[in-house]
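Have a look at the structure below before the remarks.
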Amino acid sequence: MRLPTTLPATLLACLAVLMPLSPARAEPVEAVERADAAGLAAALQARILAAPSATAVLEAWCAERGLSPEPRLVALRLAAPEKPPSAEQRRRLGVGEAEPVRYRRVRLACGAHVLSEADNWYVPARLTPAMNRALDETDAPFGRVVRPLAPVRRNIGLRALDHAGPPGRDTPLFAVEAVLTSAAGQPFCEVAETYLGAVLGPGVP
């Protein structure tokens, strides 16, 4: 499913009213087991699509679902083969064939729960030296590192991932592709995110 470059303002407003990101009291584990997994996944998906930062959404969600006493994401680096950007990705990022584009693959975890996996292609020349060092040397999520750029998230793809039976902790639920631009409108990153069953709550097996 390909998404329009922007979501209608009326839809975003409705989502903001219906699903605020302010922390709420965590549900007990027993309630998670009774919850409608499809409804929870749809609620999270809507928040991700409506927000400028997936990191901020996941940290708020982590607090609401009681996933960790400290709802703070860490990016667990994965050893993965280099994945050069495609010609279409370079076009979306507005870079030529010779412009360096870095690749970073991580799992985003809140406490003991791995909530998502993400592939990032970013243009290091459009980040500050401190941001590039943080991405190379720390476990900080990309969204937290680039927050000073006041990024705007443009969704370009959404896929629901079918699975048989109730989802487990490692079951892929849905995938989102997006391009991040600075407040000035310059693209600097493309991300492909896959959200996993553990995001639904501590009652997921």
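Sequence positions, counted from 1, serve as the residue numbers for this chain. All values derive from a computational prediction rather than experimental measurement.
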| Tell me, do L200 and L40 make a side-chain contact under 4.5 Å, heavy atoms counted? | yes

Any chain of hydrophobic side-chain contacts (each under 4.5 Å) joining V199 to V57?
yes

Answer whether the closest heavy-atom distance between the side chains of V106 and V74 falls below 4.5 Å.
no

Trace of the side-chain hydrogen bond (donor to acceptor under 3.5 Å, both in side chains) decision for D119 with Y103
CA-CA 7 Å; D119 295 292; Y103 172 68; 2.4 Å; yes

**Request:** Flag the pair L196 / V114 as yes when at least one side-chain heavy-atom distance between them is below 4.5 Å, and no otherwise.
**Result:** yes

Are Y122 and F142 an aromatic pair by the rule of ring centers under 6.0 Å?
yes

* Any donor and acceptor pair, going by atom type alone, linking the side chain of W121 with main-chain N or O of K83 inside 3.5 Å? -> yes

Rounded to the nearest 0.5 angstrom, the CZ-CG distance for R65 and L115 is 12.0 Å

- Are V101 and V95 close enough, and set up right, to give a side chain to side chain contact (heavy atoms under 4.5 Å, CB included), and what steps lead you there? CA-CA 9 Å; V101 176; V95 296; 4.0 Å; yes

Between N155 and L49, is there a donor-acceptor pair closer than 3.5 Å when you use the side chain of the first and the backbone of the second?
-> yes

Paired with E193, the salt bridge (charged side-chain N to carboxylate O under 4.0 Å, His left out) test is passed by just one of R107, R159, R153, namely R153

Distance col, row Q186:CD vs L93:CG, nearest 0.5 angstrom, shows 10.0 Å

Check your understanding: Do the non-hydrogen side-chain atoms of N120 and C189 ever get within less than 4.5 Å of each other?
Key -> yes

Quick one: does R154's side chain have a donor or acceptor within less than 3.5 Å of a partner on L180's backbone? no

In short, A54 meets Y195 closest at the heavy-atom pair CB-OH, 3.6 Å

Taking the side chain from N132 and the backbone from P124, do they hold a donor-acceptor pair closer than 3.5 Å? yes

Under-4.0 Å salt bridge between R90 and E99: no

message = Is it the case that atom CD in E97 sees more than 12 heavy atoms from other parts of the structure closer than 6.0 Å?
response = no

CG of L73 to CG of L108, rounded to nearest 0.5 Å, is 5.5 Å

Checklist entry - Stepwise, does the side chain to side chain contact (heavy atoms under 4.5 Å, CB included) test hold for I156 with R92? => result CA-CA 10 Å; I156 58 174; R92 287 192 289 263; 3.4 Å; yes

Output for pair (L44 CG, L173 CG), nearest 0.5 Å, gives 8.5 Å

task: Evaluate the criterion side chain to side chain contact (heavy atoms under 4.5 Å, CB included) for residue pair S116 and L58; output intermediate values, then yes/no.
output: CA-CA 9 Å; S116 68; L58 284 178; 4.0 Å; yes

Applying side chain to side chain contact (heavy atoms under 4.5 Å, CB included) to R144 and R72, what does each step give before you reach the verdict? CA-CA 10 Å; R144 188 182 303 141; R72 184 173 177 84; 3.5 Å; yes

Note: H113 and L67 closest approach over all heavy atoms is CD2-O, 3.0 Å

For this session: Let me see the working for R47 and E64 under salt bridge (charged side-chain N to carboxylate O under 4.0 Å, His left out), right down to the final yes or no.
Result: CA-CA 13 Å; R47 292 188 183 189; E64 292 172 22; 3.1 Å; yes

What one should report as the nearest heavy-atom pair of R102 and D136 is NH2-OD1, 2.9 Å

Checklist entry - Within a strict 4.5 Å, meaning less than it, do heavy atoms of the L127 and L149 side chains meet? => result yes

d(L158 CG, I48 CD1) to nearest 0.5 Å is 11.0 Å

| said: For M131, is there any backbone N or O sitting under 3.5 Å from a side-chain donor or acceptor partner on T128? | reply: yes

Between G94 and R126, the two heavy atoms sitting closest are O-NH2, 3.0 Å

Between T55 and P141, the two heavy atoms sitting closest are OG1-CB, 3.8 Å

In this structure, CZ of R104 is separated from CZ of R77 (nearest 0.5 Å) by 5.0 Å

Closest heavy-atom pair, A41 versus F174, reported as atoms and distance to 0.1 Å, is O-CE2, 3.6 Å

Query - Close side-chain approach of W61 to C110, heavy-atom, < 4.5 Å - result: no

